[in-house]
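As structure tokens, the structure follows; a few thoughts come after it.
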Amino acid sequence: MIEAIHTRVKGRARYKVDQLYGSRSLQRYLERSLGQKPDIIYVSANSLTSNILVGFQPKVSWNKIGLLIEEAIRDYQRITGLSASQNLPKSLINQQKQQKIDNWHLMTADQVIDTLNTSKVSGLSQDDAIVNLTNYGANVLSAIATRSSGKILIDQFKSLPVALLGAAAGVAVITGGLIDAVVILGVVGLNAVIGYITESQSARIIQSLQNREQILTGVIREGQQVEIPTENVVVGDILFLKPGSYVAADARLIESDNLTVDESALTGESMPSTKTTAPLGSENIPLADRVNMVYKGTLITGGEGLAVVVGTGKFTEMGKIQHLVNKTISTDTPLEKQLDQVGGQLVLMGMGICSFVFGLGVLRGYGLLTMMQSSISLAVAAVPEGLPTIATTSLALGIREMRKNNVLVRSLNAVEALGSVQTICLDKTGTITENKMLVVEICTSTDKIKVEAENINPYANHELLRLIHISVLCNESEAGKDAHGDYVVTGSPTENALIHLAISAGVDVIKLRQKYPLLETNLRRENRNVMSTIHDTDNDHKLIAVKGNPAEMISMCQWWLKNGEVVPLTAEDRGAMAMENDRLAGKALRVLGVGYGYINDDNGNDNGNNYETNLIWLGLVGMTDPIRLGAKKLIGEFHQAGIDTVMMTGDQSSTAYAIAQELELSRSPELEVLDATNLHHLTPEALTAVSDKVNVFARISPSNKLQIVQALQAAGKVVAMTGDGINDAPALKAAQVGVAMGKGGTDVAREVADIVLEDDRLETMIIAVSRGRTIYNNIRKSVHFLLATNLSEIMVMTTAIGAGLGEPLNAIQLLWLNLISDIFPGLSLAMEAPEPDVLSQPPRDPDQPIIKNSDLGRIMFESAIISVSTLAAYSYAIFRYGIGTQASTVACMTLTTAQLLHTISCRSENHSIFSQDKLPANPYLNAALAGSLSIQILVMVVPPLKNLLKITPISIMDGGVIAAGALLPFVVNEATKTEAQG
């Protein structure tokens, strides 16, 4: 029995397990299986040390836990066929070889089996499986690189303004200004905490959406069918493929019985692929057309098959995409670039101001230490301490708003970047469409019926009712009811669509199948694209239900049902049916022909063994992968917002064109479609030129999507990419904003995306665009306010020192002033409501600075007015009290109040505060102003604060001067704004 080698506390023990050494698969199995035991709280196994740390219920003995571990090891050995002596040595794990990559789809099934030294009947031996597992490693994908908690925290400090503030704090400590340093670092720390909490919380929510990978896979080993952990599947294993299971590795088919596979996550094809075993004739066949191959991560939707594994882990097509994802470099968002630019300018300005004021003060005869402290204070004044906090918090509030709409945002800047997007690339399958089939049109001998959302009534149309009945009978989908009496349908999307049509038409599917019991099924096969079923009836004959390729069905029918009567099918009738088939196919619909017949019990079938050649034609059924509700309206909203829309799909050009037309995807009258098979003929420069004109890219691969996104970026576009599949991941990561589906999407797509739509509602993207634009506009208002007010401090200080009037504000007063007037008023501006026409404006130019040249003149004017008014009040105080703390108090109170009132002026660049139609109420601003003014009043009456800031009592006359000095700039700035407007 395995014994505990160390027990530290009751309910926890560490066990030594020799079999665990070097076996990652056993490690995972033990953690998974033991973790499901009710007595065990947690399990942590380590294949490097052979130890297992187990936490368990205090009432359970460590001996019992040891027995559970032994039982789990025996189960693992039984499942895998590996004995303890056959565990992989640790020394061999790092000696893995490259798997041989051949054009397996060109080879016959026997050639593939011979090349891989395996057998269709007996599979691999255990020894061969161990060798392959040792040589090539476990069948697992390398983890997608994500930001660690430490990286998220470090990123909060990666900005030049924060760097300058940190340097200023360091100098303040050296020069004895410990309080100054604490205040500066407190603001920096607040910014970091807000950013870290928001981003790490979003990352945890997105990771919680991950699906568990299929644990066990059926293979043939030594002539027996066994189930082994998916990570232990190796090259040469024979896979059992059955409906509802995911393919464990890339494999070449060797048997296929009506096998269909949903490969949309990998290839983008909306329709399940029907598989065959015959070799293909061309080397450069796209993945979507390699019908004799199956790929890791795709879903078996129908039929059965056997396949020999040719690629595992990182050597699979999914592994190649994941490698491409990890190599793809994320692009900085516009706001990141803009704030870095502003930060760089502020650093240069701060250094210049420090040098100028320090030199000026020394020339004026001030002490070196005094001027050093003043210079540091002015450097801090030049850098708005609130800028990083305001930008971070504004974006965090945007993230919170998005969560209310089931939108999860991974990074703070993603919301803003989406607001500046100029082109949005939309993956078709699963994003624009619902990735499920739906019957939309039916053609019988007498009617053309468009199936709407409302239930159709087949009981008024004999041909329609019979067609629906035959579609239900000739169908592999399972239909039942749950505890609430609701239908539960499982099967392929195409088969399910026919069942749902019958249910919506009021047909009792279960009773219908009970009335006509299934006797025999003849599935599709090579050179036969129809399916037929034979059913028992109450009469002396059997019913044949048939559906499939319309052209083949027409050739098999000699009769058709018209006005309730069976009449001969003429050549003219056949031609009309063929035309209807072409009409439906031209609308990008998948079309099935439906017919039926009878076999007489007394004399056999009607035509010997070829009873399928004497059928009765019922009509055509047109199906489509429906466009998501609201998608067309959303495209129109994107266009109104000045955003170009581009669709990417693995479908054929004709299908893509039809969908794009229905969506009105192009902003211009002309719709441009480019087949991706032509992309390899284009140089990167030519693709960049073409990409800006194309609306639809068809037949594309994962690498094509990445090419297109990068080409659009090379053309100077800010690009958003939406997608849900593995094939979308590289492009999602490369785009400035990657948007993934959270409900129907894959884990790979969610891991690399910046934004996850939790409920898959694409319409919420326009909300994100609105929020992003509003956030950027509000941040501009905040930056404008911060620069104007901080510049006024610099003007006041440099003018007074240069004029020999002393220091209007001491170092701690400057820091206090910035703390009171910067953060909360600036934040309140960042919480302004969206402007009514925010989605009617074109996207901003990504190269446009956050503060334009035209803004600088206005900022200088506003700062000058505030400075002149403050210096006037300071001059009054000097005239009355002389240079000292009393005059400094008047200057500090005047400048603080003027800056707080200036917050109101910064709500709009063009409109006066008195225009209520243009400026909706902002309760956050009212609260910030009331709170900041209240705190400033407290400074006048609370002794510790008075002593810290060196504030003296003021008279009624002083109060009047302070009020006038604060109100005058507000009136002048608002008046000049009104004049400019009028």
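When a residue number appears, it is its place in the shown sequence, counting from 1.
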[X] versus [Y]: any side-chain heavy-atom pair under 4.5 Å?
| X | Y | answer |
| --- | --- | --- |
| Leu839 | Val769 | yes |
| Leu925 | Thr903 | yes |
| Ile820 | Ile935 | yes |
| Leu901 | Leu929 | no |
| Trp816 | Val939 | yes |
| Leu871 | Val796 | yes |
| Pro825 | His902 | no |
| Gln640 | Ser840 | yes |

Check the surroundings of atom NZ in Lys946: do more than 12 heavy atoms from other residues, nucleotides or ligands lie under 6.0 Å from it?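 Enclosed.
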[X] and [Y]: which non-hydrogen atoms are nearest, and at how many Å?
| X | Y | result |
| --- | --- | --- |
| Gly738 | Ala753 | O-CB, 3.5 Å |
| Phe970 | Ser905 | CD1-OG, 3.6 Å |
| Leu900 | Ser821 | CD2-CA, 4.0 Å |
| Ala720 | Val421 | CB-CG2, 3.8 Å |
| Gln713 | Ala735 | NE2-CA, 3.6 Å |
| Pro808 | Met797 | CD-SD, 3.9 Å |

Does [Y] offer a backbone N or O that forms a donor-acceptor pair with the side chain of [X] under 3.5 Å?
| X | Y | result |
| --- | --- | --- |
| Arg844 | Ser420 | no |
| Gln736 | Val719 | yes |
| Arg771 | Ile766 | no |
| Thr423 | Asp644 | no |

Find the distance between [atom1] ([X]) and [atom2] ([Y]) and round it off to the nearest 0.5 Å.
| X | Y | atom1 | atom2 | answer |
| --- | --- | --- | --- | --- |
| Leu791 | Leu856 | CG | CG | 10.0 Å |
| Tyr874 | Leu895 | OH | CG | 12.5 Å |
| Ile865 | Ser869 | CD1 | OG | 8.5 Å |
| Ile643 | Gln422 | CD1 | CD | 9.0 Å |
| His784 | Cys906 | NE2 | SG | 4.5 Å |
| Ser782 | Met831 | OG | CE | 11.0 Å |

Checklist line | Pairs where residues 876-895 contributes a residue and the test salt bridge (charged side-chain N to carboxylate O under 4.0 Å, His left out) is met, not counting sequence neighbours | finding: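 Passing the test, one end in residues 876-895: Arg880-Asp958.
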Do [X] and [Y] pair up side chain to side chain, a donor and an acceptor below 3.5 Å, judged on atom types alone?
| X | Y | answer |
| --- | --- | --- |
| Thr952 | Thr889 | yes |
| Gln899 | Thr789 | no |
| Gln936 | Thr897 | no |
| Asn922 | Glu832 | yes |
| Thr976 | Arg858 | yes |

Exercise for review: Go through the steps for Leu817 and Leu809 under the test side chain to side chain contact (heavy atoms under 4.5 Å, CB included), then give the verdict.
Suggested key: CA-CA 9 Å; Leu817 177 60; Leu809 287 84; 3.9 Å; yes
Mind telling me whether Tyr876 and Tyr881 have parallel, tilted or perpendicular rings, with 30° and 60° as the class edges?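 If you compare the ring of Tyr881 with that of Tyr876, the planes turn out perpendicular.
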Q) salt bridge (Lys or Arg N to Asp or Glu O under 4.0 Å) with Arg780: which residues, sequence neighbours excluded? A)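 With neighbours one apart ignored, the set is Asp855, Glu909.
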Item to check | Listed partners of Ser888 passing side-chain hydrogen bond (donor to acceptor under 3.5 Å, both in side chains), at least two apart | outcome: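 Counting only residues at least two positions away or on another chain, Ser888 forms a side-chain hydrogen bond (donor to acceptor under 3.5 Å, both in side chains) with Gln813.
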inquiry  = Checking Ile951 against Met940 for the side chain to side chain contact (heavy atoms under 4.5 Å, CB included) test, could you report, in this order, the C-alpha distance in whole Å, the side-chain angles of both residues, the deciding distance, and whether it holds?
reply    = CA-CA 7 Å; Ile951 296 294; Met940 305 290 295; 3.7 Å; yes
